[in-house]
Amino acid sequence: MSVVRDYAEPLAIAFEDDGLVPNNILPFLIYQGALTLDPKQPEETIENLFETNNWGGTWRNGVYDYLHYHATVHEVLGVARGHARVRFGGNHGQELEIKAGDVAILPAGTGHQCLEASDDFCVIGAYPPGAKMEITRATAENHAKALKTIPKVAPPPADPVTGKHGALMRLWR
């Protein structure tokens, strides 16, 4: 049985460069309620899905409570437990309520910051192969460097939720 709900389709949001957070010309993608999680082991369910779709380096945690982005790699966040209010796209971005079963795909440079989370909030993060994750804070100096790095980030081999023929492959051309 697939853990991905039939006809799962992400919402695509474009965030503008705000001078401190570069964001990306590629849209941020959010699959809302896309996953059917095993209540006994939701973390493993998400880890297995991401690894099946060639996204690795998985970790379990929350989302940092300070504004940051990754200029060297794309990132996927799958919510295994709980819920949180996260601002994506930097200080001028959009606040979204994310909950268990949701998956957010952040193109390199997308700002994110947890504003509030339930006590049981747990996210599984992962990355496409070949790139090293670095945490970058929103400063003018880091922004200038990121503008050179972000265009060099390779496209992922597959959508972490729906695979090689998934929405990311169509929306990130």
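All values reported here derive from a predicted model rather than from experimental measurement. Along the sequence shown, residues carry numbers from 1.
Cluster membership for Ile25 and Met169, using ILVMFWY side-chain heavy atoms within less than 4.5 angstrom, is not shared. Taking hydrophobic clusters as Ile, Leu, Val, Met, Phe, Trp and Tyr residues chained together by side-chain heavy-atom distances below 4.5 Å, Leu147 does not share a cluster with Phe15. Criterion: ILVMFWY side-chain heavy atoms under 4.5 Å apart, direct or through other members. Under it, Ile30 and Leu35 are not part of a common hydrophobic cluster. Residues Val73 and Tyr69 do not share a hydrophobic cluster, defined by chaining ILVMFWY side chains whose heavy atoms lie under 4.5 Å apart. Cluster annotation: Val103 is connected to Ile124 through the hydrophobic network of ILVMFWY side chains, with a link wherever side-chain heavy atoms come within less than 4.5 Å.
The minimum heavy-atom distance linking His112 with Val63 is given by the pair CD2-CG1, 4.1 Å. Shown here for Pro160 and Phe50, the closest heavy-atom pair between the two residues is O-CD2, 3.6 Å. Scanning all heavy atoms of the two residues, the minimum distance from Asp120 to Arg81 falls at O-CB, 3.2 Å. In terms of heavy-atom proximity, Trp55 sits nearest to Ala158 at NE1-O, 2.7 Å. Of all non-hydrogen atoms in Val161 and Val4, the two that sit nearest each other are O-CG2, 3.4 Å. Considering all non-hydrogen atoms of both residues, Leu77 and Gly125 come closest at CD2-CA, 4.2 Å.
Other residues, nucleotides and ligands place more than 12 heavy atoms under 6.0 Å from the OH atom of Tyr66. The environment of CD in Glu16 is sparse: at most 12 heavy-atom neighbours from other residues, nucleotides or ligands sit within 6.0 Å.
Using a distance-only test at 3.5 Å, with no hydrogens or angles considered, no donor-acceptor pair links the side chain of Asn142 to the main chain of Ala138. Using modelled atom types, one side-chain atom of Asn24 and one backbone atom of Ala108 make a donor-acceptor pair closer than 3.5 Å. Without hydrogens or angle criteria, Gln113 side chain to Asp65 main chain gives a donor-acceptor distance under 3.5 Å. Distance alone, capped at 3.5 Å, is enough to place a donor-acceptor pair between the Asn23 side chain and the Gly89 backbone. For the pair Thr72 (side chain) and Lys132 (backbone), a donor-acceptor distance under 3.5 Å is present.
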For a side chain to side chain contact (heavy atoms under 4.5 Å, CB included) check, start with the C-alpha distance between Thr136 and Lys145, then their side-chain angles and the critical distance, and finish with the verdict. CA-CA 10 Å; Thr136 305; Lys145 290 178 192 173; over 6 Å; no

Please determine whether side chain to side chain contact (heavy atoms under 4.5 Å, CB included) holds for the pair Val153 and His74, giving the CA-CA distance in whole Å, both sets of side-chain angles, and the decisive distance to 0.1 Å. CA-CA 8 Å; Val153 177; His74 306 299; 3.4 Å; yes

Does Thr36 form a side chain to side chain contact (heavy atoms under 4.5 Å, CB included) with Arg5? I'd like the steps, not just the answer. CA-CA 7 Å; Thr36 304; Arg5 296 187 192 276; 3.6 Å; yes

Test log, rule side chain to side chain contact (heavy atoms under 4.5 Å, CB included), inputs Asp17 and His143: CA-CA 9 Å; Asp17 182 329; His143 179 269; 2.8 Å; yes

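Within the model, atoms NZ of Lys164 and CG of Asn53 stand 9.0 Å from one another, a figure rounded to the nearest 0.5 Å. Taking CZ of Arg170 as the start and NE2 of His165 as the end, the distance is 12.5 Å to the nearest 0.5 Å. Here the OG1-CZ distance, from Thr110 to Phe88, works out to 9.5 Å after rounding to the nearest 0.5 Å. The line from OG1 of Thr52 to CG of Asn48 is 6.0 Å long, rounded to the nearest 0.5 Å. To the nearest 0.5 Å, atom CZ of residue Arg87 and atom CD of residue Glu116 are 12.5 Å apart. Taken from CG in Leu20 to CG in Asn91, the straight-line distance is 8.0 Å, to the nearest 0.5 Å.
Between His68 and His70, the ring-plane angle classifies as perpendicular under the 30° and 60° cut-offs.
Contact of the Phe28 side chain with the Leu11 side chain is not registered, since no non-hydrogen atoms from C-beta on lie closer than 4.5 Å. Taking the side chain as every heavy atom from C-beta outward, Glu51 and Thr58 approach each other to under 4.5 Å. Put simply, the side chain of Trp172 reaches to within 4.5 Å of the side chain of Pro27, judged on heavy atoms. Here the side chains of Leu37 and Ile46 are in contact, with some heavy-atom distance below 4.5 Å. Two residues are said to be in side-chain contact when any heavy atoms from C-beta on lie closer than 4.5 Å; Val76 and Pro156 fail this criterion.
In summary, the side chains of Glu97 and His83 do present a donor paired with an acceptor at a separation below 3.5 Å, with no hydrogens or angles considered.
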